[in-house]
Amino acid sequence: MAKRDAGRGSRPPYVTYATWARVLEDTSERKPTRMDSTYYRELGLSDSTGVTVKAALSFLGLVDGDTIPTERLVELAAAAGDDRRRLIRQVVEESYEPIVGGIDLEHATMGHLLAAFAEAGAKGNVGQKCVTFFLAMAKDAGMGLSP
């Protein structure tokens with residue numbers, strides 16, 4: 001498993017999953033060469049939402065230099081079904097390993113996850129949003145999760 005660069009996208013994503021899905025859909029259709037503020041505005045996203053999407057893509061290792069889509073993002077956006085699940089799982093396992101790598105997700109409590117995310121700098125309301133996004137990604141990846 002590849003380790004995340006130390007300074008890259010340090011806070012876990014807290015964008016809504018609907019916005020994440022919208023960005024993936026658009027990336028699949030348009031295949032943008034840059035994902036900067038003008039791209040997010042073209043999607044109809046506010047500047048603040050664009051910043052959270054940019055941070056999410058950076059944390060997940062899906063952009064180079066904060067704006068250039070990686071091959072993995074292009075492949076993920078184009079994939080469907082089991083291929084998409086497999087790619088999302090790879091992204092989740094690699095990106096979140098420093099936060100949840102030692103946690104048995106099939107038996108973890110919400111409190112355990114919130115504490116792990118708080119240790120990673122995502123506390124309070126933002127921490128809750130980070131965990132919600134993580135859980136949605138993990139579910140899409142077909143990962144076993146505690147009810």
Side-chain angles (χ1 to χ4, degrees), residues 1-80 83-103 105 108-143 145-146:
M1 231 183 265
K3 284 280 190 190
R4 234 175 0 98
D5 296 340
R8 187 182 88 199
S10 60
R11 183 184 292 167
Y14 59 96
V15 66
T16 67
Y17 208 69
T19 299
W20 161 254
R22 184 173 169 197
V23 170
L24 276 183
E25 178 72 24
D26 186 77
T27 301
S28 173
E29 291 173 6
R30 291 201 297 167
K31 298 173 185 56
T33 56
R34 278 183 67 108
M35 298 176 85
D36 56 14
S37 59
T38 58
Y39 169 77
Y40 300 122
R41 281 189 211 113
E42 288 171 7
L43 274 177
L45 302 178
S46 68
D47 287 343
S48 61
T49 300
V51 168
T52 61
V53 170
K54 181 179 174 181
L57 292 171
S58 180
F59 178 88
L60 298 169
L62 299 174
V63 290
D64 286 331
D66 289 338
T67 61
I68 309 300
T70 63
E71 279 301 313
R72 177 176 264 177
L73 175 57
V74 173
E75 184 181 2
L76 175 62
D83 287 336
R84 180 171 272 195
R85 242 182 315 286
R86 176 185 53 80
L87 291 168
I88 291 174
R89 185 180 192 114
Q90 288 174 355
V91 169
V92 169
E93 288 175 346
E94 291 174 11
S95 301
Y96 286 96
E97 200 279 331
I99 300 170
V100 298
I103 298 174
L105 295 175
T109 64
M110 183 59 84
H112 193 173
L113 289 176
L114 288 169
F117 276 78
E119 285 182 35
K123 300 176 183 176
N125 190 39
V126 169
Q128 180 68 47
K129 290 177 181 180
C130 290
V131 170
T132 299
F133 182 82
F134 164 74
L135 291 171
M137 275 199 87
K139 182 178 178 185
D140 269 3
M143 298 172 75
L145 299 170
S146 169

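Scope of the values below: all heavy atoms of this structure, side chains included, with no hydrogens, waters or symmetry mates.
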Counterpart residues, side chain to side chain donor-acceptor pair (under 3.5 Å), relative to Asp47 (two or more places apart): Arg41
Over all heavy atoms of both residues, which pair between [X] and [Y] is shortest? Give the atoms and the distance, please.
X	Y	result
Ala122	Cys130	CB-SG, 3.7 Å
Phe59	Pro13	CD2-CD, 3.3 Å
Ala138	Val92	N-CG2, 4.4 Å
Ile103	Ala116	CD1-CB, 3.6 Å

Exceeds 12 heavy-atom contacts within 6.0 angstrom, atom CD of Glu71: no
Find the distance between [atom1] ([X]) and [atom2] ([Y]) and round it off to the nearest 0.5 Å.
X	Y	atom1	atom2	answer
Leu24	Leu73	CG	CG	6.5 Å
Leu113	Ile99	CG	CD1	10.5 Å
Ser58	Asp64	OG	CG	9.5 Å
Ser28	Glu75	OG	CD	12.5 Å
Arg11	Lys123	CZ	NZ	10.5 Å

Minimum side-chain heavy-atom gap [X]-[Y] below 4.5 Å:
X	Y	answer
Leu87	Gln90	yes
Phe133	Thr52	no
Lys129	Asn125	yes
Asp66	Leu57	no
Arg89	Met143	yes
Tyr96	Val91	no

Polar side chain donor-acceptor pair, Asp26 to Tyr39, under 3.5 angstrom: yes
Mutual orientation of the aromatic rings belonging to Phe117 and Phe134 [parallel < 30°, tilted 30-60°, perpendicular > 60°]: tilted
Partners meeting salt bridge (Lys or Arg N to Asp or Glu O under 4.0 Å) with Asp36 (sequence neighbours left out): Arg34
May I ask you to decide if [Y]'s main-chain N or O and [X]'s side chain share a donor-acceptor pair within less than 3.5 Å?
X	Y	value
Thr27	Val23	yes
Arg85	Asp140	no
Thr132	Gln128	yes

Side chain to side chain contact (heavy atoms under 4.5 Å, CB included) partner of Val53, chosen from Val63, Thr16, Thr19: Thr19
Residue of the set Asp83, Thr70, Leu62 for which side chain to side chain contact (heavy atoms under 4.5 Å, CB included) holds with Leu76: Leu62
Ser146: partners by side-chain contact (heavy atoms from CB on, under 4.5 Å), with sequence neighbours left out: none
